[in-house]
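Side chains are part of it too, since the values below use all heavy atoms of this structure and drop only hydrogens, waters and symmetry mates. A note on names: the letters A, B, ... follow the listed sequences, proteins ahead of strands, and every chain is numbered from 1. From a predicted model like this one, the values you see are computed outputs, not experimental measurements.
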Protein chains: 2
Amino acid sequence: MNIKEASEKTGVSSAAIRYYEKESLIPAIDRTPVGNRDIDDRIIRRIRFVTQMRSAGMSIENLRRYIELFDAQEDNTKEQKALLKEQLAVMEEKRDDLQAAIDHLNYKLNHFYDHMESTEAELRALEKEHAEKVDHQEKAPDDGFY
Amino acid sequence: MNIKEASEKTGVSSAAIRYYEKESLIPAIDRTPVGNRDIDDRIIRRIRFVTQMRSAGMSIENLRRYIELFDAQEDNTKEQKALLKEQLAVMEEKRDDLQAAIDHLNYKLNHFYDHMESTEAELRALEKEHAEKVDHQEKAPDDGFY
DNA sequence: CCTTGCCTTGAAGTACACATGAAGGTTTAA
DNA sequence: TTAAACCTTCATGTGTACTTCAAGGCAAGG
């Protein structure tokens, strides 16, 4: 498939696909005799992988290092393991930050209900949760920003 | 406390704190008689909140909108809820992407062990996990990129 | 009095991750 | 054969989120 089709399939712009190839986030793409990119499913999968990691907040630079390690054939496993573990720690910390922020937003959402919209059922649900999370609520701060 | 102390306390640069104030991500900061910022714990909490949301991928623009709604006295809870839910969805997707990446990386780490370093215990742990995750492994793709 | 070290504002510079534009090549369709 | 609709590379532009710089003020120590 050509780059436009790949773009439509992945939701990544043609320019971004070219950029990813240039930055080695995806492998070198085969060309047709006239020089156009001919993109197969393996590339599509890689583009989707890049999208996922980017969406999760990984920088191009880190992502390239990660993929280099992933693709490496040589048996430099010691360094690879070290770098992968480092990367893993970064990602786990980010995930935990994200989870903390999600918890915060959920708390907020559940504890400021809209009088205009709340149905009986919603109110009951809120009250139930409120009862369950008293200790959590106790920790809630003065101004709502921790 | 002065801006430098606040910076050290939060890990956010002085310039960034000034920037956040200018962009209304944190409230206007009180000044000493000579005009220097005098930062209290309420501001510190807000800075930390901003840091967390930024780290979670919220843009300055969205964050400002969110905080404006938050601080508003009018009963605009309907909009607030909408904005919160929107942001929550974004963050949950990011978290799931990150988790997928973490799983991916853990899989990689566990299946290319270093002959030079593995202890008996580590090997047993890997084998155990391997046995537990057969179905997951079955789904592992050709090139490892989904 | 002068240096050190903090602070201020405002303007300008920087890094990242693309987006856009210029100049040109190929293929299909009227 | 001429236009449309793709494509290529290379260069330059853009938005975001700061960072850095310039010019200067205030307070303490030597």
Visitor: Just checking, any donor-acceptor pair under 3.5 angstrom between side chains of B:Asp97 and A:Ser55?
Guide: yes
Visitor: Please determine whether the number of non-hydrogen atoms from other residues, nucleotides or ligands lying under 6.0 Å from atom CD of A:Glu93 exceeds 12.
Guide: no
Visitor: Report the distance from atom CD1 of B:Ile3 to atom P of C:dG5, rounded to the nearest whole Å.
Guide: 19 Å
Visitor: What is the distance from CG of B:Leu63 to C1' of D:dA17, rounded to the nearest Å?
Guide: 12 Å
Visitor: Are B:Thr51 and B:Thr10 close enough that some pair of their side-chain heavy atoms sits under 4.5 Å apart?
Guide: no
Visitor: Using atom CD of B:Glu21 as one end and atom P of C:dG10 as the other, report the distance to the nearest whole Å.
Guide: 12 Å
Visitor: For nucleotides 16-19 of chain C, which of its nitrogen or oxygen atoms have a protein nitrogen or oxygen under 3.5 Å away, and what is each distance?
Guide:
{"unit_1": "C:dA17", "atom_1": "OP1", "unit_2": "A:Ile60", "atom_2": "N", "d": "3.1"}
{"unit_1": "C:dC18", "atom_1": "OP2", "unit_2": "A:Tyr20", "atom_2": "OH", "d": "3.2"}
{"unit_1": "C:dC18", "atom_1": "OP2", "unit_2": "A:Arg54", "atom_2": "NE", "d": "2.9"}
{"unit_1": "C:dC18", "atom_1": "OP2", "unit_2": "A:Arg54", "atom_2": "NH2", "d": "3.4"}
{"unit_1": "C:dA19", "atom_1": "OP2", "unit_2": "A:Ser13", "atom_2": "OG", "d": "2.5"}

Visitor: Any sub-3.5 Å donor-acceptor pair from B:Asp38's side-chain atoms to B:Met1's backbone N or O?
Guide: yes
Visitor: Mind listing the N/O atom pairs, protein and nucleotides 9-12 of chain D, below 3.5 Å?
Guide:
{"unit_1": "D:dT9", "atom_1": "OP1", "unit_2": "A:Arg31", "atom_2": "NH1", "d": "3.2"}
{"unit_1": "D:dT9", "atom_1": "OP2", "unit_2": "A:Arg37", "atom_2": "NH1", "d": "3.1"}
{"unit_1": "D:dT9", "atom_1": "OP2", "unit_2": "A:Arg37", "atom_2": "NH2", "d": "3.0"}

Visitor: Got a salt bridge between A:Glu61 and A:Arg64, using NZ or NE/NH1/NH2 to carboxylate O under 4.0 Å?
Guide: yes
Visitor: Indicate the ring-plane relationship of A:His104 and B:Phe49, choosing parallel, tilted or perpendicular according to the 30° and 60° boundaries.
Guide: perpendicular
Visitor: Please state how far atom CZ in B:Arg64 lies from atom P in D:dA17, giving the value in whole angstrom units.
Guide: 9 Å
Visitor: Within this structure, what is the CG-to-C1' distance between B:Asn36 and C:dC7, rounded to whole angstrom?
Guide: 4 Å
Visitor: Please tell me which of the listed nucleotides, D:dC7, C:dT26, D:dC26, lies nearest to the side chain of B:Val34?
Guide: D:dC26
Visitor: Which whole-number value in Å describes the distance from B:Glu23 CD to D:dC18 C1'?
Guide: 10 Å
Visitor: Under a 4.0 Å N-O cut-off, is there an ion pair linking B:Arg95 with A:Glu92?
Guide: no
Visitor: Under the side chain to side chain contact (heavy atoms under 4.5 Å, CB included) test against B:Glu21, which residue among B:Ile43, B:Ile26, B:Ile39 passes?
Guide: B:Ile26
Visitor: Between atom CG in B:Asp30 and atom P in C:dT8, what is the gap in whole Å?
Guide: 13 Å
Visitor: Given C:dC7, is OP1 or OP2 found less than 4.0 Å from the side-chain N or O atoms of B:Asn2?
Guide: yes
Visitor: Taking B:Asp41 for its side chain and B:Ile44 for its backbone only, find out whether a donor-acceptor pair lies under 3.5 Å.
Guide: no
